[in-house]
Amino acid sequence: MAEKYDPNAVESKWQAFWEKSKLFKVKEDPEKEKYYLLEMFPYPSGKIHMGHVRNYTIGDVIARYKRMRGFNVLHPMGWDAFGMPAENAAIANKTHPAGWTYENIDTMRLQLKRLGFSYDWEREIATCTPEYYRWEQWLFVKMYEKGMAYRKESFVNWCDNCQTVLANEQVESGMCWRCSSQVRQKKLWQWFFRITDYAEDLLVYCDKLPGWPEKVTTMQKNWIGKSIGAEIRFPVDNSKESIAVFTTRQDTVFGATFMCLAPEHPLVISLSKGTPREKDVLEFVERMSGQDRSSRTLENYEKEGVFTGMYCINPLSGRRMPIYTANFALMEYGTGAVMSVPAHDQRDFDFAQKYGLDKVLVVKPYDKELDSNSMTEAYTGEGVLVNSGRFDGLENRKALDEIAEYLEEKNIGKKTVSFRLRDWGISRQRYWGTPIPMIHCKKCGMVPVPEKDLPVILPEDAALLEGGGSPLSTLDSFTRTVCPKCGSADAKRDTDTMDTFVESSWYFMRYCSPHFEDGIFDKNKVNYWMPVDQYIGGVEHAILHLLYSRYFTRVLKDLGLVEFKEPFDRLLTQGMVCKEIVTCPRHGFLFPEEVEETGADSVCKKCGSQVVVGRVEKMSKSKKNVIDPNILLEQYGADTTRLFCLFAAPPEKSLEWSDQGVEGGYRFLNRIWRFTWSCMDSIKDVEPFEGSPGELEGNVRELYVKIHQTIKKVSSDIEERFHFNTAISAVMELVNAMYAIDLKEKIDPAKAGVLKFAVQSVVLLLSPIVPHFAEELWKALGNETGILLTSWPSYREDAPVKMHSNLMTF
RNA sequence: GCGAGAGUGGUGGAACUGGUAGACACACUGGACUUAGGAUCCAGCUCCGGUUACGGAAUGGGAGUUCGACUCUCCCCUCUCGCACCA
C-alpha cells in the first residue's frame, strides 16, 4: 500500500486491528484522570443518518483527543430501543417489534463500526432488554414507595392516530410531536412522576451549569416557568363557596371586575346549577371539552365565555363581580381561576369589550392620563395606584409586596409561587415499552411487584392491534396474576407501559456498570465515572430528555444511590445537517440521486424536466434532501466523511452539505498521502528534528516554525472550543507550506529531520479526525507504537504566536 | 407578542481579550505537465477606477465611544430557532 490512497483497504485493516486489540475497552483506574464522553444514543430506526454521523464524529474526535492527552476515557454506545416506530412497523409488516428492533440495531452497529468510532462495545446496552428495564421497574417501585410515582385521573393529551397519551412536552402547538396529528383531551387514570417537587431546584441549578449553552438553560427556565405572586380567595355571593385565584398582579386587585373560571373548574357546574344560566354553561363546557387544550390556546383563537349566573365579592374593593367561565382560563395553571382586571390585562380587556363588562383603572401611568372608558388597550406598564383605597398613591411595584402582606394579615390570601411545569405523565397505552410493575388487587388496592419478581417481562405473544390501543390489556395471561400481598387471585397487572423518555433518563448511569446484576448500577463505578464530562446531542432534546435526566439524577441522589445531582457537566448541542431541496415540476421533491447534472442546469432523471433548486433546510426523508452515509463510505471512506463533517462548520452551527466540499476533503487527504510517499525514502529512517530553530535556515526553518505554530493552534482549537474546522484549516496551511519545500533538490539530514517532523505532526494532529488514515501513515513512517498509544504532540513555547506573520523569528 | 442567536467575497466559513478584514476550503480564471485530463502542480480571485504604480469604497443600514471597531454602546431592518392567552 503505497502509491494510491485506498480508503476502503486502509479502513477495514485498522478497524479489524482495533477490534482485535480492544484498545477502547476501559475500566476504572484511580491513577488516571477520568473523562466520560457521551453522545446521545440513537433510536434504532433502521439506518444511521447524517445527523448521527455528525454527532458521533464530534464525540469520537474528542474521545480520541482526550485519550492522547492521557485521560481514562469512557466512551460508550447503546440503543434507545423502545418506542412506537417499532410497533407501527410490526403492524405494517406483520412481524414482531423485537425482531424489527434487533435487526435495526445490527445494521446500525455495523455502520457505526464502519465509521471507525472508538466505542467500548462491551458496554453496549439496549433499553428493550429485560436486563435493562428490570432496573427501571425497580426504580419505579422505589419511586412509588417514596410517593414520587403516583396515579391520578386527569385530562391528558390524547393522540387518536398513535392511540396513546402524550406528555405536555410531546405536544407541539396542538399536534402530536411524532405524527403531527391533532391532539385532544381525554380523561384517564394515569401514572405520574412528581417532577414538580424539584421545580425550584431544577430552576436554580440552571444558573449553575456554566458548561451548558445558555440557550438550553434559558429554554429550561422558561419551561419550568416560575411566577411569583399571590393566591387570593374571593367569596361567592350567597354561598359558602369561595374561589381561589392565582395572580402575579395583586397590585391590581382593586381593578378586578369579573372572574373567569376554566371550563373544567369544578365550581363551574355547581355554581350555575339551578340558575337560568345552567343550560348555556353546560353547553359551553361540553363544547370546550371536545377541543384540545393547545388549539384552544392559539393566539388567534377568539376569547369567549358564558356567565354562570353567580357573583363573587372582591375582598378588597367589595365589588360584586360576575363569574364567567372562559376558554382562555386554563385548569392546569395556577388554580384554574383568573381574577380579571380589564384595564391592565390585554386578555381581560378583550373579554370585557366583547361582553360589555366594566373597567376600573387602578394603575395611573407616570406620563399620561388614562380614562377607563376611552382606552383602546390594556395598560400593563408601571404607575401609581388609584381607586385602590388605602393603597392609593403607592407605586404599583411597591404595592405588589404591600398588598400581598395585607392579604396575609387579613387572612384572605397569601404570597405564592406558581410553576408552569407539571408532573410528568408516563403512562402509555402501548405495547413496546417497559411494563409498569404494579398490581391492582381488589382487596389491597395498588400493590407494587416485589423486587424478587422483577422484571415484569414484556410478553412476546401480545397481539398488536391495527388501530393501536393497549395490547397488554387484552392479553389475559399477562393481566391475570396473584396479589403479592394477600395472595388473592382477584388481581390484575397494570397494563400501561412507560414513556420511553424514562429509559433515556438514566442510561448514562447504567453504562458505568452495564452488566451489573446486583442492582441498578455499581455505586462505586458510577461515582468514579459520573458525572458525564461532555455530553453531545441535538438541541431538540433541550427540554424533554435533558430535564428528565436532571430530575432522575436528583431522585437517585435522594434515594442515596448517587452523590451528585447534575448528570452532565458540559453540554454541546450540535447544529443540524442541511441540504438544499430539489423539486421537479412533475415529480415533486427529488432525492439527490434522482437529479442529473447537465452542464449549467440540472434535470430530473425520470422526466428530463429542469429542476428547481430550493432553499437549504434540515435533511429530512420527507423532503428528500438526504445523503445516505453508506454511499459516502463506499465512495470516499469513513475518514473523508468524518473530515468533511468537521470542516464544513463549527459543531454548534448548522452544517450545509456540499458534495464538492466532500470532494475537497478527499483531495486534502490524498495530498498528504502523496507528499508523504514522495519523500518516504528520505525520511523513513530519520529521527524527527526537535532542536532549536536557530540551527536551521531558509524555508526549512520557516517550515519548522510553522509546525510548532500549527501544533499550538490545533491544540487550542480542540481543547478550548471544539473548533475542528479551524484546526483542520491550520493543518491545511501546514501542508501547503510543506509543498513549498523542494523535494527534487538534495535532501540533507537537517531538512530530512524537519520533513519527518512535519509529516508526523500532520498525521498526529489529524489522527482523532481521520484515525484510519493516520494509523496507516504513522506505521508506514516506521513507528512501532500505534498512534492510539502515542501522546498528543507538544510545541515549543518559544514559537512566535502569530500565524500569518512575516516575522517568523525566535 | 416575548426570549435567544445570527447577518462578513460568487459559496461554506476565518479573524479568540478592539490592532494588516476575507485564513482555510469550494467555485471560477489562467498557466505548467500532457495524446488527453473532470487527475496533479503553480498562480490569480471583495468591489469600483487605472495598462502599471496606485487610489477609493466595503463586514445588513444609521449614529456613537476610540489613535484605531467585524469586534464595544444605542436605534432600525432582515433571517433562524425556541416559547406563546401561564393569570
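For the numbers below, each heavy atom of this structure counts, side chains included, while hydrogens, waters and symmetry mates do not.
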Classify the angle between the aromatic ring planes of Tyr324(A) and Phe307(A) as parallel (below 30°), tilted (30 to 60°) or perpendicular (above 60°). tilted
Between rA87(B), rA23(B), rG12(B), spot the one nearest the side chain of Phe647(A), thanks. rG12(B)
Would you find more than 12 non-hydrogen atoms of other residues, nucleotides or ligands less than 6.0 Å from Lys354(A) atom NZ? yes
For rC79(B), does OP1 or OP2 lie under 4.0 Å from any side-chain N or O of Arg615(A)? no
Asn736(A) side chain N/O closer than 4.0 Å to the phosphate oxygens (OP1, OP2) of rA23(B)? no
Taking Arg347(A) first and then Asp345(A), would you say they form a salt bridge - that is, a charged N and a carboxylate O separated by under 4.0 Å? yes
Distance check, C1' atoms only: rC75(B) and rC26(B), in whole angstrom units. 38 Å
Watson-Crick or G-U wobble partner of rG82(B), both distances under 3.5 Å: rC2(B)
Rounded to whole Å, how long is the line connecting atom CG of Asn670(A) with atom P of rG38(B)? 18 Å
For rC41(B), which nucleotide in any strand shown is its Watson-Crick or wobble partner with both distances under 3.5 Å? rG31(B)
In whole Å, what separates the P atom of rG50(B) from that of rG1(B)? 48 Å
Could you work out the separation of rU40(B) and rA25(B) based on their P atoms and round it to a whole Å? 13 Å
May I ask you to decide whether Glu382(A) forms a salt bridge with Arg397(A), counting only side-chain N to carboxylate O separations under 4.0 Å? yes
Under-4.0 Å side-chain N/O to phosphate OP1/OP2 contact, Arg422(A) with rC86(B): no
What's Thr218(A) touching, base or sugar-phosphate or nothing? Going by heavy atoms closer than 4.0 Å. sugar-phosphate
I'd like the C1' distance from rA39(B) over to rU34(B), given in whole Å. 11 Å
Over how many whole Å does the gap from Asn222(A) atom CG to rG5(B) atom P extend? 13 Å
Options rG82(B), rA14(B), rC24(B), nucleotide nearest the side-chain atoms of Ser729(A): rC24(B)
Suppose we define a pair by two distances each less than 3.5 Å, Watson-Crick or G-U wobble; what does rU17(B) pair with here? none
Over 60° means perpendicular and under 30° means parallel, so classify the ring planes of His545(A) and His541(A), tilted if in between. perpendicular
For the residue pair Asn222(A) and Arg420(A), confirm or rule out a side-chain donor-acceptor distance under 3.5 Å. no
Ser654(A) side-chain N/O to rU80(B) phosphate OP1/OP2 under 4.0 Å: no
Rounding to an integer number of Å, can you tell me how far Leu766(A) CG sits from rA25(B) C1'? 15 Å
Whichever of Arg674(A) and Tyr333(A) has its nearest RNA chain B nucleotide further upstream toward 5': Arg674(A)
Find the distance Glu214(A):CD to rC81(B):P and express it as a whole number of Å. 20 Å
For the rings on Phe258(A) and Phe351(A), is their centre-to-centre separation under 6.0 Å? yes
Earlier contact from the 5' end, RNA chain B, for Ala649(A) and Met732(A): Ala649(A)
Using a heavy-atom cut-off of under 4.0 Å over every strand shown, decide if Gly225(A) touches base, sugar-phosphate, or nothing. nothing
Using a strict threshold of under 4.0 Å (side-chain N to carboxylate O), is an ion pair present between Lys215(A) and Glu652(A)? no
Contact class for Thr335(A) vs. all strands (heavy atom < 4.0 Å): base, sugar-phosphate, or nothing? nothing
More than 12 heavy atoms from other groups under 6.0 Å of CD on Glu617(A): yes
Considering only the C1' atoms, how many Å lie between rC54(B) and rG61(B), rounded to the nearest integer? 31 Å
rA57(B) pairs with, by Watson-Crick or G-U criteria that keep both distances under 3.5 Å: rU46(B)
Nearest-angstrom distance from the residue atom CZ of Phe722(A) to C1' of rC16(B): 16 Å
If the P atom of rA6(B) is compared with that of rU73(B), how far apart are they to the nearest Å? 12 Å
Might you list the N or O atoms of the protein lying below 3.5 Å from N or O atoms in nucleotides 27-30 of chain B, with each pair's distance?
from: rA27(B); atom 1: OP2; to: Arg667(A); atom 2: NH2; distance (Å): 3.3

With a 4.0 Å cutoff (strictly under), does any side-chain N or O of Asn725(A) reach OP1 or OP2 of rA14(B)? yes
Using Watson-Crick geometry (N1-N3 plus N6-O4 or O6-N4) or G-U wobble (N1-O2, O6-N3), each under 3.5 Å, rA36(B) is paired with none
Assign Tyr739(A) to base, sugar-phosphate, or nothing according to its heavy-atom contacts below 4.0 angstrom with the strands shown. sugar-phosphate
Please determine if a side-chain N or O atom of Arg721(A) lies less than 4.0 Å away from the OP1 or OP2 oxygen of rA15(B). yes
Measuring to OP1 and OP2 of rA87(B), would you say a side-chain N or O of Arg420(A) lies under 4.0 angstrom away? no
Indicate, with yes or no, if the rings of Phe773(A) and Tyr5(A) have centres closer together than 6.0 Å. yes
Taking rC70(B) as the reference, what is the distance to rG9(B) when you measure between their C1' atoms (whole Å, please)? 14 Å
From NZ of Lys4(A) over to C1' of rA39(B), roughly how many Å is that when rounded to an integer? 10 Å
For rG12(B), the nucleotide meeting Watson-Crick or G-U wobble distances (both under 3.5 Å) is rC24(B)
When the distance from CD of Glu580(A) to C1' of rC26(B) is rounded to whole Å, what number comes out? 13 Å
If we take the P atom in both rG22(B) and rA15(B), what is their distance in whole Å? 13 Å
Does rG7(B) pair with anything, Watson-Crick or G-U wobble, both distances under 3.5 Å, and if so, with which nucleotide? rC77(B)
Based on the glycosidic angle (syn within 90° of 0, else anti), state the conformation of rG9(B). syn
Angle class for the Phe675(A)/Tyr739(A) ring planes (parallel below 30°, perpendicular above 60°, tilted otherwise)? tilted
When rounded to whole Å, the CD to P distance for the pair Gln574(A) and rG5(B) reads 20 Å
